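All remarks here apply to the structure that follows.
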2 protein chains.
Amino acid sequence: MVNEISNTEEKIVKAAIVVFVKKGYDGTRMQEIADEASINKSLLHYYFRSKEKLFEKVFANVFSEVIKSITQVIEASSTIEELLESFVSTYINLLKTKPYLPNFVLHEINRKPSVMVDMINSKGENKIRLIKLLSQEGERNDIREFDPIQIIVDVLGMSIFPFIAAPIIKGFIFEGDEDTFNNFIKERAKHIINFVKSAIFINSD
Amino acid sequence: MVNEISNTEEKIVKAAIVVFVKKGYDGTRMQEIADEASINKSLLHYYFRSKEKLFEKVFANVFSEVIKSITQVIEASSTIEELLESFVSTYINLLKTKPYLPNFVLHEINRKPSVMVDMINSKGENKIRLIKLLSQEGERNDIREFDPIQIIVDVLGMSIFPFIAAPIIKGFIFEGDEDTFNNFIKERAKHIINFVKSAIFINSD
DNA sequence: GTCTATAACCGGATAGAC
DNA sequence: GTCTATCCGGTTATAGAC
């Protein structure tokens, strides 16, 4: 078979994702990745030559997975309601299983903006569809006039922020109580959908 | 005078804030702080003994400044409208001048959650006032029923997220165009205020 | 208090045996 | 492909002269 990936290589990438996503590039030790993968440190260099190369692999992997899941949602939706509901639900569900993810992407993107932005731009076709959908729906007369881009950022911010700021929200608002925080997250998607609907739709009650 | 702080010590802290906030703990080199402060590297150790100690000083400084500015706003407001308007405006203005700040706090808090959370909790009295204000206003009959805490997180997320995600928004949505992005930020506070108002107030039009 | 020199350590990377 | 041993550069931290 072509494209066959050795068991070891696969183990390395998996382990590297775990460690890099949690600790960031600078905070990650090659030894820790090796331990996580239960292999010898020098194998990391045998397969990926350098920490930087391994990191690039990890970042591209993680990022494209996120983009893929978002793209699917956008393509499957034909009204704003639908888009809003399925976007928020799938995105928050994704983050429930991978809470470190946004912090990782956002932190690393500040480290080497140029490289990252190149990568991001190579995945941007579905943006057009999104804008089109939003402006076409903007002609409906039961919708308040807001800048569609501001609304996209609103929804993203409301969805992602609780996970980025989890330690602060947990500690500061819920006084460290894990259960109330989890319940808050459980209700989050539903809340955002209702909140945004009552903001943009006239007579949504 | 008691409490007199030497000029050098002050210069070090200022420089350390700049570098730590931009590069994070792991990404920061003591040499870079020394350069930024135009002093000799060994003076950093003379005044603060270790990188870790210096960092703690910096984090406490930065964090308490943020808390102070938020507290002032909360204390000065007596209705939700007022609170919303002055909170969003002052917070976004603060972030315009210090865009790296949220990323720094949120990234470092994940590095050593226990230490950080202790620090955070030592500043939490104004939270009570905030909750009281929100639930008391909840009795007004021109307001839709939402969980006040969800709304606090909504507002925080909408305000902070554009700055955390600036490189992505700039690159992905505005195709790298600095001007459109700046304009987007300029409109941001106004938008959030309108958006939240039309979400929570019945007949806000 | 400030500087130069250097110690002590750590972590990424490589050589070479198996 | 995998392992052990080791190198080498960089970074924190300290010693000691001024």
Side-chain angles (χ1 to χ4, degrees), chain A residues 1-62 104 107-108 110-112 115-116, chain B residues 1-62 104 107-108 110-112 115-116:
Chain A
M1 299 175 237
V2 193
N3 261 347
E4 188 178 319
I5 297 168
S6 81
N7 189 26
T8 307
E9 188 168 342
E10 212 174 308
K11 274 204 292 187
I12 292 175
V13 175
K14 265 192 188 162
I17 290 177
V18 172
V19 182
F20 273 130
V21 167
K22 191 160 168 187
K23 306 259 175 116
Y25 181 83
D26 291 319
T28 291
R29 300 294 94 114
M30 294 297 261
Q31 185 59 59
E32 198 176 342
I33 297 175
D35 293 346
E36 175 76 30
S38 314
I39 50 122
N40 190 287
K41 180 162 80 93
S42 60
L43 284 179
L44 300 179
H45 291 94
Y46 176 81
Y47 282 99
F48 295 94
R49 210 169 88 236
S50 72
K51 184 182 178 183
E52 190 67 41
K53 297 263 180 231
L54 178 53
F55 175 81
E56 281 165 23
K57 182 91 178 180
V58 165
F59 192 87
N61 252 9
V62 164
F104 169 69
H107 184 255
E108 295 307 329
N110 280 312
R111 210 172 50 90
K112 273 197 171 183
V115 183
M116 303 296 175
Chain B
M1 298 176 239
V2 194
N3 260 346
E4 187 177 320
I5 296 168
S6 80
N7 189 25
T8 307
E9 187 168 341
E10 210 175 308
K11 274 204 293 186
I12 292 176
V13 174
K14 264 192 187 161
I17 291 176
V18 173
V19 182
F20 274 129
V21 167
K22 190 161 170 188
K23 305 260 174 114
Y25 181 83
D26 292 317
T28 291
R29 299 294 91 113
M30 294 295 262
Q31 185 59 60
E32 198 176 343
I33 297 176
D35 293 346
E36 176 76 29
S38 313
I39 50 123
N40 188 287
K41 181 162 76 90
S42 60
L43 285 178
L44 300 179
H45 290 95
Y46 175 80
Y47 282 100
F48 295 95
R49 211 170 88 236
S50 72
K51 183 181 177 182
E52 190 66 41
K53 298 263 180 231
L54 178 53
F55 176 81
E56 281 165 23
K57 181 90 179 182
V58 165
F59 192 87
N61 252 7
V62 164
F104 169 70
H107 184 254
E108 296 306 329
N110 280 313
R111 209 171 52 87
K112 272 196 171 183
V115 184
M116 303 295 175

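Hydrogens, waters and symmetry mates play no part in the numbers below; they use all other heavy atoms, side chains included. So that the names make sense, note that chain A is the first sequence line, chain B the second, and so on, each numbered from 1. As the structure is a computational prediction, the values presented were derived from the model and not from experiment.
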Strictly under 3.5 Å: I want the nitrogen or oxygen pairs between protein and nucleotides 11-15 of chain D, one per line.
from	atom 1	to	atom 2	distance (Å)
dT12(D)	OP1	Thr28(B)	O	3.3
dT12(D)	OP1	Met30(B)	N	3.4
dT12(D)	OP2	Met30(B)	N	3.1
dA13(D)	OP2	His45(B)	NE2	3.1
dA13(D)	OP2	Lys51(B)	N	2.8
dA13(D)	N6	Lys41(B)	NZ	3.2

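Residues satisfying the side chain to side chain donor-acceptor pair (under 3.5 Å) test with Ser42(A), not counting sequence neighbours, are Asn40(A). With sequence neighbours excluded, the residues satisfying salt bridge (charged side-chain N to carboxylate O under 4.0 Å, His left out) with Glu52(A) are Lys112(A).
Each of Val19(A), Val58(A), Ile39(A) was evaluated against Ile33(A); a single residue qualifies, Val19(A), per the side chain to side chain contact (heavy atoms under 4.5 Å, CB included) test.
A salt bridge (charged side-chain N to carboxylate O under 4.0 Å, His left out) check over residues 31-51 of chain A, counting only residues at least two apart or in different chains, returns the pairs Lys23(A)-Glu32(A).
Counting heavy atoms of neighbouring residues, nucleotides and ligands inside a 6.0 Å radius, atom NZ of Lys11(B) exceeds 12 of them.
Taking the six-membered ring for Trp and the full ring otherwise, the centers of Phe48(B) and Phe55(B) sit at least 6.0 Å from each other.
Heavy-atom contacts of chain B under 4.0 Å fall on DNA chain C between two terminal nucleotides, which in 5' to 3' order are dG1(C) to dT4(C).
The shortest side-chain heavy-atom distance between Leu54(A) and Phe20(A) falls under the 4.5 Å cut-off.
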